[in-house]
Amino acid sequence: MLTKRQNLMETIKGGQPDRFVNQYEFLELIREAPKEAFMTPMGTEVKNAWGITIRWPEGQIGSFPVHEKGYKVLDDITEWREYVKAPSVNYPAERWTEAIAHARAVDRDEKFVTAFITPGIFELTHYLMGMEDALMSYYEEPEAMHELIEYLTDYELAYAKQIIENLHPDALFHHDDWGSQISSFMSPETFKEFILPAYKKIYGFYKDNGVELIVHHSDSYGVNLVPFMIEMGIDIWQGVMNTNNIPELIKEYGGQISFMGGLHSGEIDFPDWTPEIVMEHVERACKECGKLYFIPNLSQGAPISSFPGVYEATSEAIDKMSAELF
Amino acid sequence: MSKIEEVKGLVETGKSKKIAAAVSEALDAGDKAQDILEAMIASMGVVGDKFSAGEIFVPEMLIAAKAMSKGVEVLKPVMAGDGSSSLGTCIMGTVAGDLHDIGKNLVVMMLESAGFDMVDLGVDVPAEKFVEAVKENNKVVLVACSGLLTTTMPALKEAVQTIKAAYPEMKVIVGGAPVTPEYADEIGADGYAPDAGSAAVKAKELVTA
Ligand code: B12
């Protein structure tokens with residue numbers, strides 16, 4: 001039997017996997033690495049070093065950036081230099097201890113030691129300004145937006161250097177949600193102009209420094225962005241939703257990029273879920289998409305589900321499909 | 001090109017810095033405020049259709065809506081008290097337990113552009129608050145509820161049913177990523193739309209039917 005890591009490589013290289021890659025099994029996420037807070041425990045509020053306020057109100061399922069009056073870091077993109085100050089990436093050595101120990105404990109033949117980065121560059125622009133202002137700024141103030149993105153990219157590269165020196169990761173799992181379930185947030189032209197160059201630098205830097213595998217999370221539609229994903233060096237697009245016609249994507253781009261997802265929270269991770277419903281969707285996804293360039297997975301950006309048991313039921317269903325189809 | 005045509009072009013291309021002047025010029029040239037408003041509404045209809053068809057994207061829609069509202073600001077004093085173009089009031093919010101608002105905000109803009117007076121209740125809106133808002137506002141003809149989380153689909157159902165229990169005749173439209181036409185039907189909503197462009201079309205259809 002292949003190790004999880006070998007089986008993943010066979011799947012994305014068009015080789016001979018001996019089973020489906022089961023969701024996130026090949027990634028060992030090192031989440032202890034020091035970083036700025038973009039989450040906060042339920043019932044609390046935190047202002048991180050960017051000045052972004054994150055709040056998790058009681059009764060909600062997660063945290064959210066606050067953009068009410070008086071809370072936005074940046075009200076006018078043309079004044080970004082005055083208001084956006086990147087945090088230092090030089091964390092004291094003791095803050096790395098836990099992450100380093102975690103990375104050391106991983107059997108790298110079995111799994112990829114994986115750095116986990118969130119939010120991404122686009123997300124940072126809307127965390128700083130609110131989504132509407134951010135999106136409009138790409139169109140209305142392109143010059144200032146270019147400058148801001150360059151600044152955010154330099155920050156990411158500086159942080160990447162720390163990650164590489166401390167963890168020597170084999171893989172990178174990087175979030176940046178680029179769309180809704182039926183469209184990309186930006187037009188392909190805008191994406192190409194602003195986002196592509198930033199990620200060519202960031203992902204290029206990781207690859208030049210020993211990172212073998214780039215997994216990018218965008219749980220959205222994104223067919224129109226796939227050529228750019230390939231160009232920026234993404235090996236696996238995680239979060240790919242069915243609205244993308246995944247079998248078609250595999251036919252067209254398999255070998256250049258692989259697709260991880262195909263199982264919608266709306267369809268299987270909802271209050272009335274049952275193992276049978278999960279099985280039905282896993283079976284459909286596995287049969288439609290096939291054994292190569294595809295990893296069946298819930299589209300969420302972490303190995304979790306919204307309803308307890310759904311993630312595990314999905315993994316079991318995938319094992320069943322492996323037994324049946326391999 | 002007539003001044004009205006120019007205004008339409010500025011809405012469709014989202015030129016919010018130029019539109020106030022163009023609307024003033026159109027008024028000076030003798031165009032009626034009502035006609036200018038209708039032209040802008042028609043332009044937003046075009047924008048909505050292009051968005052539904054995937055030809056344009058969220059930012060283009062946002063800048064078009066921003067341009068329209070800058071244009072409307074110029075018309076407002078001229079048209080004060082003249083509610084003739086209004087389709088009525090629409091109450092909208094994201095349901096309890098959910099803080100996502102980008103989709104809701106787009107729908108608010110499109111419905112506003114289509115001629116509804118919008119009352120935006122924001123996010124995390126409990127079912128009773130929709131009912132109170134119907135009570136407190138004039139000429140409410142439609143309630144629109146948004147939900148982006150599978151965990152809050154029960155809250156969507158509760159919202160629809162609470163509104164219907166208090167106001168059986170009230171039209172309710174729902175939407176959001178996990179919502180399907182079947183689910184909308186099942187929870188007793190009158191309408192569903194997959195995106196903000198078609199939301200405006202559907203909403204008009206519901207209140208003029
Ligand atoms: C952007 C985003 C965020 C932003 C939201 C910023 C904001 N101000 O809204 C941030 C990063 C803050 C965020 C936070 C969270 N999110 Co979120 N988010 C998304 C994402 C990527 C896109 C949603 C979006 O804005 N789309 C763009 C708009 C334009 O599209 P739309 O919302 O679908 O709206 C359109 C239509 O649906 C329709 N429509 C919408 N409403 C209505 C209403 C009516 C009446 C009509 C007719 C039509 C209509 O018209 C709109 C315009 O065309 C989705 C993934 C996805 N693919 O949808 C996840 C997603 C919705 N989020 C998710 C989650 C889990 C969260 C968090 C819990 C994360 C966390 N752990 O902290 C928190 C939620 C906290 C809370 N209590 O709500 C999950 C939900 C999973 C589930 N079980 O359903 C999703 C599906 C991602 C995922 N698979 O993991 N999120």
Specify the closest pair of heavy atoms between B:E60 and A:Y139, including all atoms of both residues, with the distance to one decimal.
OE1-OH, 3.0 Å
Using non-hydrogen atoms and a limit below 4.5 Å, what part of residues 182-191 of chain A faces chain B?
A:I182, A:S184, A:F185, A:M186, A:S187, A:P188
Flag the one option from B:V58, B:T151, B:L149, B:T180 with the top tally of heavy-atom pairs under 4.5 Å to chain A.
B:T151
Side chain from CB out, backbone as N, CA, C, O: work out which of these in B:T152 comes under 4.5 Å of a heavy atom of chain A, or both, or neither.
neither
Using non-hydrogen atoms only, which part of B:L106 is less than 4.5 Å away from chain A: side chain, backbone, both, or neither?
neither
Listed by number, the residues in residues 260-275 of chain A that come under 4.5 Å of chain B (heavy atom to heavy atom) are A:S265, A:G266, A:D269, A:F270, A:P271
Consider side chain to side chain contact (heavy atoms under 4.5 Å, CB included). Of A:P65, A:P57, A:S63, which one does B:L99 pass it with?
A:P57
Tell me whether the count of non-hydrogen atoms from other residues, nucleotides or ligands lying under 6.0 Å of NZ in B:K157 goes above 12.
no
Applying side-chain contact (heavy atoms from CB on, under 4.5 Å) to A:E140 and B:S16, what does each step give before you reach the verdict?
CA-CA 10 Å; A:E140 294 183 330; B:S16 55; 3.6 Å; yes
Salt bridge (Lys or Arg N to Asp or Glu O under 4.0 Å) against A:E312, all qualifying residues, sequence neighbours excluded:
none
Per-residue contact mode, B:K15 against chain A (heavy atom under 4.5 angstrom):
neither
In sequence, state the C-alpha distance, the side-chain angles, and the governing distance for A:F307 and B:T150, and then conclude on side-chain contact (heavy atoms from CB on, under 4.5 Å).
CA-CA 9 Å; A:F307 293 88; B:T150 57; 3.5 Å; yes
What do you reckon, is CD of A:E68 surrounded by more than 12 foreign heavy atoms closer than 6.0 Å?
yes
Please indicate whether B:E25 has more than 12 foreign heavy atoms, meaning atoms of other residues, nucleotides or ligands, lying under 6.0 Å from its CD.
yes
Examine whether an atom of A:E132 lies under 4.5 Å from a heavy atom of chain B, and if so say whether it belongs to the side chain, the backbone or both; otherwise answer neither.
both
Review item, side-chain donor-acceptor pairs of residues 111-125 of chain B, under 3.5 Å, at least two apart:
residue : atom : partner : partner atom : Å
B:S113  : OG   : B:M109  : O            : 2.6
B:D117  : OD2  : B:S86   : OG           : 3.0
B:D120  : OD1  : B:K104  : NZ           : 3.0
B:D120  : OD1  : B:G122  : N            : 2.8
B:D120  : OD2  : B:K104  : NZ           : 3.0
B:D124  : OD1  : A:Q60   : NE2          : 3.1
B:D124  : OD1  : B:G97   : N            : 2.9
B:D124  : OD2  : A:Q60   : NE2          : 3.1

